[in-house]
Amino acid sequence: MSGDQIDGGSRFNDSHKHKDKYKEKEHKHKDHKKDKEREKSKHGNSNHKDPSDKKHRDNEKEKMKHKDGSTDKYKDKHKEKKMKSLDGKVKKENGFASPLQVKSEPEDGFYHSPKNEKSLKRERDDDNDSEFKPKKIKTENDKKAKKRKQDEDIKPKKTKNKREVTDGKKKAKKEPEEKWKWWEEERYTDGSKWKFLEHKGPVFAPPYEPLPSNVKFYYDGKHMKLSPEAEEVATFFAKMLDHEYTTKDIFRKNFFKDWRKEMTAEEKAKLTDLKKCNFTEMSEYFKAQSEARKAMTKDEKLKIKAENERLLQEYGFCIMDNHRERIANFRIEPPGLFRGRGDHPKMGMLKRRIRPKDIIINCSKDSKHPEPPPGTKWKEVRHDNKVTWLVSWTENIQGSIKYIMLNPSSRIKGEKDWQKYETARRLKKCVDRIRTQYHEDWKSKEMRIRQRAVALYFIDKLALRAGNEKEEGETADTVGCCSLRVEHIKLYPENDGQEYVVEFDFLGKDSIRYYNKVPVEKRVFKNLQLFMENKEPDDDLFDRLNTSVLNKHLQELMDGLTAKVFRTYNASITLQQQLKQLTSADENLPAKILSYNRANRAVAILCNHQRAPPKTFEKSMQNLQTKIDAKRDQLSDAKRELKSAKADAKVRRDEKSKKTVETKKKAVQRIEEQLMKLEVQATDREENKQIALGTSKLNYLDPRISVAWCKKWGIPVEKIYNKTQREKFAWAIDMADEDFEF
DNA sequence: TCAAAGACTTAGAACTAGCCCG
DNA sequence: CGGGCTAGTTCTAAGTCTTTGA
């Protein structure tokens with residue numbers, strides 16, 4: 001069944017975003033929710049339990065209990081290996097802060113000291129479904145927490161990091177060998193995310209610098225000096241003048257409204273029409289600035305770089321449980337104009353500048369908490385170790401909370417990521433059962449069950465997202481599975497020689513269009529017809545279903561199962577299958593990598609990961625073609641030379657001419673290889689025109705599958721993962737061997 | 001019980017560094 | 001040696017799912 005996953009259909013034939021189509025209806029479907037409510041109460045009392053439900057649940061529970069005892073063929077092997085690696089080496093704590101290393105190995109073994117016995121280590125492999133349930137960790141007491149305090153005086157090891165940056169000549173140096181292998185340690189089981197956390201707080205956006213007086217703003221043709229507050233907001237608009245956004249009505253309206261709020265009374269009285277505002281001098285000024293920046297001397301650039309590096313070293317890391325970990329986004333988002341995606345009702349609104357009094361700091365009690373800038377105060381300093389964030393604030397557009405969190409290479413993110421794939425692998429074990437069940441449920445006499453079953457089928461087969469309800473008018477009108485409306489699908493009893501075809505056409509996350517025509521089982525088709533009966537186009541297709549109902553059901557089918565697990569599972573299993581299918585042993589390295597990319601691409605198509613074709617696409621394609629042609633010419637020249645050299649050697653029969661033949665032969669080979677490489681590159685790029693591989697690679701594909709594939713075919717992982725990716729997937733690179741099976 | 005708040009993952013676009021070519 | 005072009009990096013919006021609290 002999972003073979004279905006890569007049918008892909010005709011999805012990419014069309015321009016990938018089509019906003020206009022959806023424009024007119026704007027808020028036609030306003031009263032969905034009410035409709036849903038009504039519907040619900042109408043059918044509300046028909047819920048009788050499917051007895052099989054409970055049975056399944058119990059089965060699953062039973063399985064879970066045994067998870068640790070189960071074995072499989074890889075387990076033992078891995079164990080063996082693990083021991084080796086453990087015995088072999090005394091682990092250092094993370095390489096970057098040497099004082100830390102000393103201090104962080106308290107005799108009392110506070111954190112997980114490397115000296116602890118292996119019993120303390122995490123199971124290295126998880127093949128055995130060892131589900132990623134955190135294993136026991138001893139709970140610590142304050143005496144030890146105190147100990148942590150010493151960490152305060154850890155200073156980043158400047159020299160080393162500096163070196164890496166400044167003489168950043170390629171590959172110069174190996175990373176320090178002792179990278180912390182958090183995956184070999186215990187996890188917390190008490191719901192805490194850390195015991196010690198210390199950081200320097202956020203870096204605020206630089207303050208506004210007023211424009212030089214020769215850069216003027218004109219209203220209705222006349223020069224007008226703006227107050228600094230109004231001027232700042234005006235510059236936000238000026239900076240975007242070249243962007244399509246600024247031509248959109250909603251954008252302009254929102255912008256103008258918010259801009260006026262920043263104006264003085266006089267300004268407000270005077271500036272009443274955005275059309276009469278002339279920002280061109282400002283815009284020119286900024287363009288000139290960015291030119292100037294590009295034209296800076298090497299020295300100046302170096303200086304900036306050094307300053308950035310300093311900032312990174314100071315603010316870009318935190319100490320979490322004895323380790324210096326990289327922070328993902330330590331800079332506060334600067335003020336500007338909100339750019340939503342798609343037809344966003346709030347585009348153009350002013351995104352406020354964040355000040356210290358908006359900021360909540362999270363760190364441990366026994367840490368030295370960051371000081372707010374002089375003369376300011378934090379909103380709050382709290383000590384919540386049940387969460388992973390270091391800093392948070394509330395954003396003014398949607399009123400949602402934003403966070404500063406750790407880098408994907410950190411333990412806290414890595415563990416979660418690993419766990420995600422383990423959950424997906426557990427789904428693999430019971431997916432057949434679940435599929436059988438939802439096939440059954442298509443026949444249920446309860447509408448809500450049939451809807452649930454059809455929705456789940458879509459989520460499984462087409463890798464659709466769950467589709468939470470969204471607040472009307474707050475965001476672009478996009479949908480996922482549970483929020484599909486009647487207008488988003490069309491039914492064809494017969495289409496292009498196939499029976500029971502469903503055509504999907506809707507805007508999903510980020511207003512990316514999902515277009516697909518898929519044949520479905522008759523029963524699904526009939527159900528869909530029924531769901532659509534007597535409904536308006538803007539009514540919900542699944543009016544008796546929402547994500548929380550669906551996830552509650554999934555939870556009963558398997559512990560930890562939610563809708564998104566299907567995406568992860570289907571993506572990873574597809575990669576694995578495709579790799580198996582597409583890789584052939586006799587191909588050379590570039591061809592193998594092409595195969596990898598094709599497998600990756602199959603997943604990206606399944607998950608509908610699209611991108612706007614790069615602006616320079618056509619040109620770069622052409623460039624490549626030119627290169628290929630040149631290489632072809634070069635090849636035929638080389639072949640000709642080889643031929644004549646051969647002829648020559650035949651006549652002369654001496655060592656020297658023989659040697660020439662060899663050289664020429666080599667040259668031909670080399671050029672052939674280069675040509676091949678270019679051609680492969682061209683194919684790859686063409687096929688990738690509107691498909692984004694990165695998202696699936698980063699978020700959906702169990703990295704151990706890729707690592708195993710690399711090991712199996714002797715491909716350097718660097719060909720598949722760049723440096724950042726290798727850091728994120730360090731756990732997988734370290735632990736997967738060539739026969740890892742997802 | 002359910003809506004809102006909160007936390008965290010996933011996403012494409014914008015930006016940038018540094019490589020390669022003429 | 002500069003300029004054009006990617007590949008890699010950064011940015012932050014937009015999802016999912018969980019938790020909270022009325």
Side-chain angles (χ1 to χ4, degrees), chain A residues 16-17 33 37 168-170 191 193 240 243 290 293-295 298 301 304-305 308 328-334 336 338-342 344 346-347 351 360 362 384 386-389 392 394-395 397-408 412-413 416-417 419-420 465-471 474-476 478-483 507-512 546-552 554-555 560-565 567-568 571 604 607-612 614-617 619-620 623-624 626-627 681 685 690-700 721-725:
Chain A
H16 77 289
K17 293 179 191 180
K33 279 201 196 131
E37 293 313 306
K169 276 189 227 151
K170 45 209 75 185
K193 305 293 171 66
M240 297 179 73
H243 203 287
S290 88
R293 218 170 310 125
K294 269 185 231 156
K298 262 208 177 110
K301 283 185 183 167
I304 292 180
K305 208 174 150 180
N308 278 333
N329 55 326
F330 58 92
R331 287 169 209 271
I332 297 275
E333 299 173 17
F338 176 76
R339 308 145 85 113
R341 299 170 186 227
H344 197 115
K346 299 195 170 182
M347 63 168 85
K351 205 169 100 165
I360 301 174
N362 192 31
D384 181 358
K386 300 286 189 275
V387 297
T388 68
W389 53 267
S392 76
T394 300
E395 151 268 355
I397 303 287
Q398 319 275 359
S400 63
I401 306 171
K402 299 250 182 163
Y403 304 93
I404 291 183
M405 291 184 185
L406 297 194
N407 198 72
I412 216 157
K413 293 292 182 186
K416 203 80 188 299
D417 204 38
Q419 180 176 47
K420 172 181 76 186
R465 295 189 184 82
N468 287 314
E469 304 91 306
K470 306 165 72 189
E471 213 173 319
E474 294 291 297
T475 60
T478 62
V479 298
C481 187
C482 295
S483 50
L507 298 183
K509 181 175 178 182
D510 294 317
S511 292
I512 294 291
N546 63 36
T547 52
S548 98
V549 168
L550 177 64
N551 280 336
K552 226 165 264 158
L554 293 176
Q555 190 58 237
L561 187 60
T562 61
K564 86 188 186 82
V565 179
R567 249 166 104 79
T568 311
C607 295
N608 201 229
H609 291 141
Q610 302 190 33
R611 62 169 186 180
K615 288 195 178 59
T616 54
F617 186 83
K619 182 138 51 102
S620 85
N623 288 162
L624 198 54
T626 319
K627 269 197 210 166
Q681 202 187 344
R685 195 179 297 178
Q690 353 183 241
I691 301 172
L693 300 187
T695 303
S696 47
K697 205 186 220 181
L698 240 44
N699 301 301
Y700 288 103
Y721 291 133
N722 68 29
K723 180 159 164 285
T724 315
Q725 294 166 161

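Computed from a predicted model, the values in this text were never measured in an experiment.
Phosphate contact (OP1/OP2 of dG18(B), side-chain N/O of Lys305(A), threshold under 4.0 Å): present. Contact annotation: His243(A) side-chain N/O to dA13(B) OP1/OP2 distance is not under 4.0 Å. OP1 or OP2 of dA7(B) has not a single side-chain nitrogen or oxygen of Lys193(A) nearer than 4.0 Å. Contact between the side-chain N/O atoms of Thr562(A) and the OP1/OP2 oxygens of dC17(C) is found at a separation under 4.0 Å. Note on Arg465(A): a side-chain N or O is less than 4.0 Å away from OP1 or OP2 of dA11(B). Not one side-chain nitrogen or oxygen of Lys416(A) sits closer than 4.0 Å to the OP1 or OP2 atom of dC8(B). Contact annotation: Thr695(A) side-chain N/O to dA11(B) OP1/OP2 distance is not under 4.0 Å. Dashed line: the shortest gap from a side-chain N or O of Arg611(A) to OP1 or OP2 of dA14(B) is not under 4.0 Å. In this structure, Thr547(A) does not reach the dC17(C) phosphate: none of its side-chain N or O atoms is under 4.0 Å from OP1 or OP2. OP1 and OP2 of dA5(B) both lie 4.0 Å or more from every side-chain N or O belonging to Ser400(A). Applying the 4.0 Å criterion to OP1 and OP2 of dT16(C), one finds that Asn468(A) has a side-chain N or O inside that range. Between Lys509(A) and dG12(B) there is no side-chain N or O to OP1 or OP2 distance below 4.0 Å. Listed pair Asn551(A) / dC17(C) meets the phosphate criterion, a side-chain N or O lying under 4.0 Å from OP1 or OP2. For dG18(B), the OP1/OP2 oxygens have no side-chain nitrogen or oxygen of Lys301(A) closer than 4.0 Å.
One interatomic measurement links the two molecules: CD of Gln555(A) to P of dC17(C), which rounds to 11 Å at whole-angstrom precision. The CZ atom of Arg339(A) sits 14 Å away from the C1' atom of dT10(C) (whole-angstrom rounding). Rounded to an integer number of Å, the gap from CZ of Phe338(A) to C1' of dA13(C) is 6 Å. Taking atom CD of residue Gln398(A) and atom C1' of nucleotide dA7(B), one finds them 17 Å apart after rounding to whole Å. Note: CD (Glu469(A)) to P (dA4(B)) measures 11 Å, nearest angstrom. For the pair Lys723(A) NZ and dT9(C) P, the interatomic distance rounds to 7 Å; values are reported in whole Å. Between the C1' atom of dA5(B) and the CD1 atom of Ile401(A) lies a distance of 6 Å, rounded to the nearest Å. Rounded to a whole Å, the CG atom of Leu698(A) is 10 Å from the P atom of dA11(B).
Taking the side chain of His609(A) as heavy atoms from C-beta on, and the options dC8(B), dA14(C), dA11(B), the nearest nucleotide is dA11(B). Considering only side-chain atoms of Tyr403(A), the nucleotide from dA13(B), dA7(B), dA11(B) that sits closest is dA7(B). Side chain of His344(A), nearest nucleotide from dC8(B), dA14(C), dT6(C): dA14(C). Side-chain atoms of Tyr700(A) lie closest to dA11(B) of the nucleotides dA11(B), dA14(B), dT12(C). Of the candidates dC17(C), dA14(C), dT6(C), dA14(C) carries the atom nearest the Arg341(A) side chain, counting heavy atoms from C-beta on. Side-chain proximity of Val387(A) to the nucleotides dT12(C), dC8(B), dC17(C) is greatest for dC8(B). Which of dA11(B), dA13(C), dC8(B) sits closest to the side chain of Arg567(A) comes down to dA11(B). Here the nucleotide nearest the side chain of Ala466(A), chosen from dG12(B), dT9(B), dT16(C), is dT16(C).
With rounding to the nearest 0.5 angstrom, the CZ atom of Arg567(A) is 9.5 Å from the CG atom of Asn699(A).
Tested against Ser392(A), the residues Val387(A), Ile401(A), Ile404(A) include a single side-chain contact (heavy atoms from CB on, under 4.5 Å) partner, Ile401(A).
Remark: the Lys420(A) side chain and the dT9(B) base include no donor-acceptor N/O pair separated by less than 3.5 Å.
For the pair Lys305(A) and Asn308(A), the minimum side-chain heavy-atom distance is 4.5 Å or more. In this structure the side chain of Gln398(A) never reaches within 4.5 angstrom of the side chain of Glu471(A), judged on heavy atoms. Within the 4.5 Å cutoff, the side chain of Glu474(A) has heavy atoms near those of the Lys346(A) side chain. Between His344(A) and Thr475(A) the shortest side-chain heavy-atom distance falls below 4.5 Å.
Across all strands shown, Gly399(A) has no heavy atoms under 4.0 Å from either base or sugar-phosphate atoms. As judged by a 4.0 angstrom heavy-atom cut-off over every strand, Ser548(A) is placed among residues making no nucleic acid contact. Residue contacts for Ala476(A): at a heavy-atom cut-off of 4.0 Å it reaches no nucleic acid atom on any strand shown. In this structure, Pro334(A) reaches the sugar-phosphate backbone alone: every heavy-atom distance under 4.0 Å involves primed, P, OP1 or OP2 atoms, never a base. Heavy atoms of Ser392(A) sit nowhere under 4.0 angstrom from any nucleic acid atom. When heavy atoms are screened at a 4.0 angstrom cut-off, Gly694(A) is found touching no nucleic acid atom at all.
Counted within 6.0 Å of NZ on Lys301(A), heavy atoms from surrounding residues, nucleotides or ligands total more than 12; the atom is thus considered enclosed.
The aromatic rings of Trp389(A) and Tyr403(A) sit tilted relative to each other, their planes meeting at an angle between 30° and 60°.
Between Gln725(A) and Glu333(A), the residue anchored nearer the 5' end of DNA chain C, judged by the nucleotide with its closest heavy atom, is Gln725(A). Taking for each of Phe617(A) and Lys351(A) the nucleotide of DNA chain C with the nearest heavy atom, the 5'-most of the two is the partner of Phe617(A). Place Met405(A) and Arg293(A) on DNA chain B by their nearest nucleotides, and Met405(A) ends up nearer the 5' end. Projected onto DNA chain B by closest heavy-atom contact, Asp384(A) and Asn699(A) fall at different nucleotides, the more 5' of which corresponds to Asp384(A).
Of the N and O atoms on the side chains of Thr388(A) and Lys413(A), not one donor lies less than 3.5 Å from an acceptor on the other residue.
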